[in-house]
Amino acid sequence: MTLGLINANPVVQAKKERLARTQDQHRDDDDIRDPEHPYSLEQLSVLSEDSITLDDKLNRILITFTPTIQHCSMATIIGLCLRAKLKECLPLHYKVDIRVSPGSHADEDSVNKQLNDKERVVAALENPNLRQLVDECICSSEM
Amino acid sequence: MDLMEKNLELLEVQKLEGHNDRVWNVAWNPVSSSPSPILASCSGDNTVRIWEQSSLSRSWTCKTVLEETHTRTVRSCSWSPSGKLLASASFDGTTGIWEDLGDEFECISTLEGHENEVKSVSWNASGSYLATCSRDKSVWIWEVLGGNEYDCASVLNGHTQDVKMVQWHPTMDVLFSCSYDNTIKVWWSEDDDGDYQCVQTLDESSNGHSSTVWAISFNATGDKMVTCSDDLTLKIWMADISMMHSGEGYAPWTHLCTLSGYHDRTIFSTHWSSDDIIASGAGDDAIRLFVDSKHDSVNGPSYNLLLKKEKAHEMDINSVQWSPSKENRLLASASDDGMVKIWQLETKS
C-alpha cells in the first residue's frame, strides 16, 4: 500500500476501496500493497512498503512503515513527513497512528512513542529547520 | 447526596470561538466567580484569550487577547492564587507573567532559562513560588519577589525525559511533576530552605503508569490525587498528609486504584472537582466523569463512571477544568478543534 497522490480525496477513497475489496477475502498484506502510486521515499529506498489500516467508523487510521535498515536514523523524520502529508490529505478529525512495522527498527518502541506523542510532533513541526526539511520531503515528490 | 443515583447530564452552555489553532489548556480564575467568572485559554496560535461571562446576558465573550509576546504555541496557563496574575508557558522556551490591569493585561515579566519548550506552569498555594517544566527534562522553581521580579530558586533534574506538567500541592509546598519517562516525581524541601529534592518517584514498580503521564490533579483536601496517561488509565493515589502537616516528615504517596478499560485513546487531562467528581479529557473526543463508588471493599475504594459525553468536541480534548465556583458545576474543555466549551453538570429534567 502506498501513498501516491497530491490530491487528497482520491487517496482516501482509493484506500477505502482497497480495504472494502479485501474485506471479503482474508486481510492479506499482498492485496493491500498497491504498486500503482510510487512513493517518493520508496524511490529513495528509504521506505520499502507501507501498510494502512483504516477504521472508517471511528475515523482512525494506522500506518505502519518499514525502514530499510534497523538503525535508520531517518525513521522519526519519515514519520513526521507522513504526519505532515496526511494532515494535508485527510479530514481534520481523523486520528492517525504511525508505527514502524514490528521488528523493523532497533529503537522501535522509542520511535513509535515519539511519533505518536502529539505534543512532541507539534513542537517538532514548529521548529523551522525541521519544518523546512519535512516540507522539502513532501513537496518535492509525487507525494 | 449520592451522585450515581441522580440522573445527571453534561449540558453544553456555550462554545467559545476565537482561537485560530488548537486550544491546549484552560484555567479558571480562582477568585472571580459569580456574577462574572473568568476563564483563560491558550493555543497553538501563540495567544492567550481571556473570556468573561456577562452578568446581564449570561453569555461568554472574549474580553482580551494576550498576543505579540510568545512566538510559538502557548501550551499552558495558570492564574496566581490572588487571581491578579496569569502565567503562560510557551514552546518558545519562555514563561510570561501577565498582570490584570482591568481593561487590559500587561506582560510584566518573562521568565527565561529552559533550553527548549516549556510545557506547564503552576503557582503554589500562597503565590510565593512558581514552577515550570520543559522538554529539557528539568523542573524550575521560581521565587516571586516584589516589584515584578522573579528569581530562579532551583533547577530540579531527575526526570529522564520531557516533563509534561508541574502541579503544586493545594495546601503544602510540595511540588509534583509528571513526564514522558512514565513517572511522577515529588519534590520537597525538608528544611523549608528552598533546597528542593526529589523525595519520591512513582514509577511502574509503585503501580504507576506504563506510558507518558500527561496530568496530575489533587482533591480539595490534598490527600488524594489523580493522574492520567497515554497508557489509557487514570490512577488514584493517596498520602497521609496529616503526618506532614504535623511535621513528622515526608508522607509517601501510594497507589489506591487504577481506572482502566474506560478509555481507548490517550488521556490528556484530568481534574478533580471540589465536590469529588473526577473529569477526564481524551483523544477520543469524549469527556468522562468518575465518582467514588463509596462501597467498602477489601481492595479499597473504587470509582465508577458517572457519565461519558461522546463527541464533546470534534477532535482530541486537551484540557478539562472544573470551575472553582461552589454554586454550579461548570466544566471548561479545550480541544484540537480550536474550541473552548463551557459545560454544566445538571440533573436531567
Side-chain angles (χ1 to χ4, degrees), chain A residues 8 12 53-64 75-77 79-80 82-100 102 105-135, chain B residues 21-22 24-25 43-46 70-76 89-93 116-120 134-136 160-165 179-182 210-215 229-231 264-266 268-269 282-286 310-311 313-319 335-338:
Chain A
V12 177
T53 311
L54 180 65
D55 185 329
D56 214 11
K57 224 169 42 161
L58 290 175
N59 296 320
R60 295 182 190 181
I61 185 164
L62 167 65
I63 297 192
T64 307
T76 48
I77 305 285
L80 279 179
L82 283 170
R83 280 206 178 276
K85 188 62 193 174
L86 284 169
K87 198 172 159 200
E88 288 174 17
C89 296
L90 288 174
L92 288 173
H93 61 278
Y94 264 72
K95 313 282 181 195
V96 181
D97 292 323
I98 302 188
R99 294 182 206 153
V100 292
H105 196 278
D107 294 322
E108 181 177 329
D109 290 342
S110 165
V111 170
N112 287 340
K113 194 174 182 182
Q114 278 185 71
L115 289 178
N116 294 293
D117 181 317
K118 177 176 77 178
E119 188 189 68
R120 290 286 283 263
V121 169
V122 165
L125 292 173
E126 274 188 6
N127 175 320
N129 295 332
L130 210 44
R131 181 77 240 192
Q132 192 182 3
L133 178 60
V134 166
D135 284 343
Chain B
D21 202 306
R22 59 172 29 102
W24 280 109
N25 194 221
S43 166
D45 66 11
N46 307 352
H70 289 301
T71 54
R72 285 181 58 180
T73 285
V74 187
R75 176 61 181 88
S76 87
S90 171
F91 283 2
D92 66 13
N116 47 50
E117 301 93 53
V118 189
K119 305 285 176 100
S120 174
S134 160
R135 181 169 61 87
D136 68 9
T160 56
Q161 294 276 0
D162 181 11
V163 190
K164 297 299 196 185
M165 186 183 188
S179 164
Y180 185 99
D181 69 12
N182 308 347
S210 54
S211 190
T212 301
V213 189
W214 282 97
S229 167
D230 180 60
D231 70 8
D264 64 346
R265 299 291 294 182
T266 302
F268 290 108
S269 176
D284 66 349
D285 318 342
E310 290 190 10
K311 286 271 148 252
H313 281 271
E314 287 169 33
M315 294 169 74
D316 288 6
I317 296 171
N318 298 318
S319 177
S335 166
D336 278 356
D337 65 12

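Here is the naming used below: chain letters follow the sequence lines, and residue numbers restart at 1 for every chain.
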- Taking every non-hydrogen atom, the tightest pair across B:Arg72 and A:Asn127: NH2-N, 4.4 Å
- Item | Contacts of type side-chain hydrogen bond (donor to acceptor under 3.5 Å, both in side chains), residue A:Asp107, not counting sequence neighbours | none
- Between B:Glu117 and A:Ala123, the two heavy atoms sitting closest are OE1-CB, 3.5 Å
- Task: Pull out the residues in residues 108-120 of chain A that come under 4.5 Å of chain B, heavy atom to heavy atom, sorted by number.
- Result: A:Ser110, A:Lys113, A:Gln114, A:Asp117, A:Lys118, A:Glu119, A:Arg120
- Item | Residue part contacting chain A, namely of B:Asp337, when any heavy atom lies under 4.5 Å | neither
- Item | Nearest non-hydrogen partners of A:His93 and B:Glu314, listed with the distance | CB-O, 3.4 Å
- Item | Set of side-chain hydrogen bond (donor to acceptor under 3.5 Å, both in side chains) partners for B:Ser229, sequence neighbours left out | B:Asp231
- For the candidates B:His313, B:Lys119, B:Arg135, which exhibits the highest count of non-hydrogen atom pairs separated by less than 4.5 Å from chain A? B:Lys119
- Query: Can A:Lys95 and B:Asp336 be counted as an ion pair, charged N to O under 4.0 angstrom?
  - Reply: no
- Answer yes or no: does atom CZ of A:Arg99 have more than 12 heavy-atom neighbours from other residues, nucleotides or ligands under 6.0 Å? no
- Look at B:Phe268, B:Phe91, B:Tyr180 and state which one has the largest set of heavy-atom pairs under 4.5 Å with chain A. B:Tyr180
- Under the side-chain hydrogen bond (donor to acceptor under 3.5 Å, both in side chains) test, residues paired with A:Asp97 that sit two or more places apart: B:Arg265
- Note on the structure: Ranked by heavy-atom pairs below 4.5 Å to chain A, first place among B:Asp284, B:Asp230, B:Asp285 goes to B:Asp285
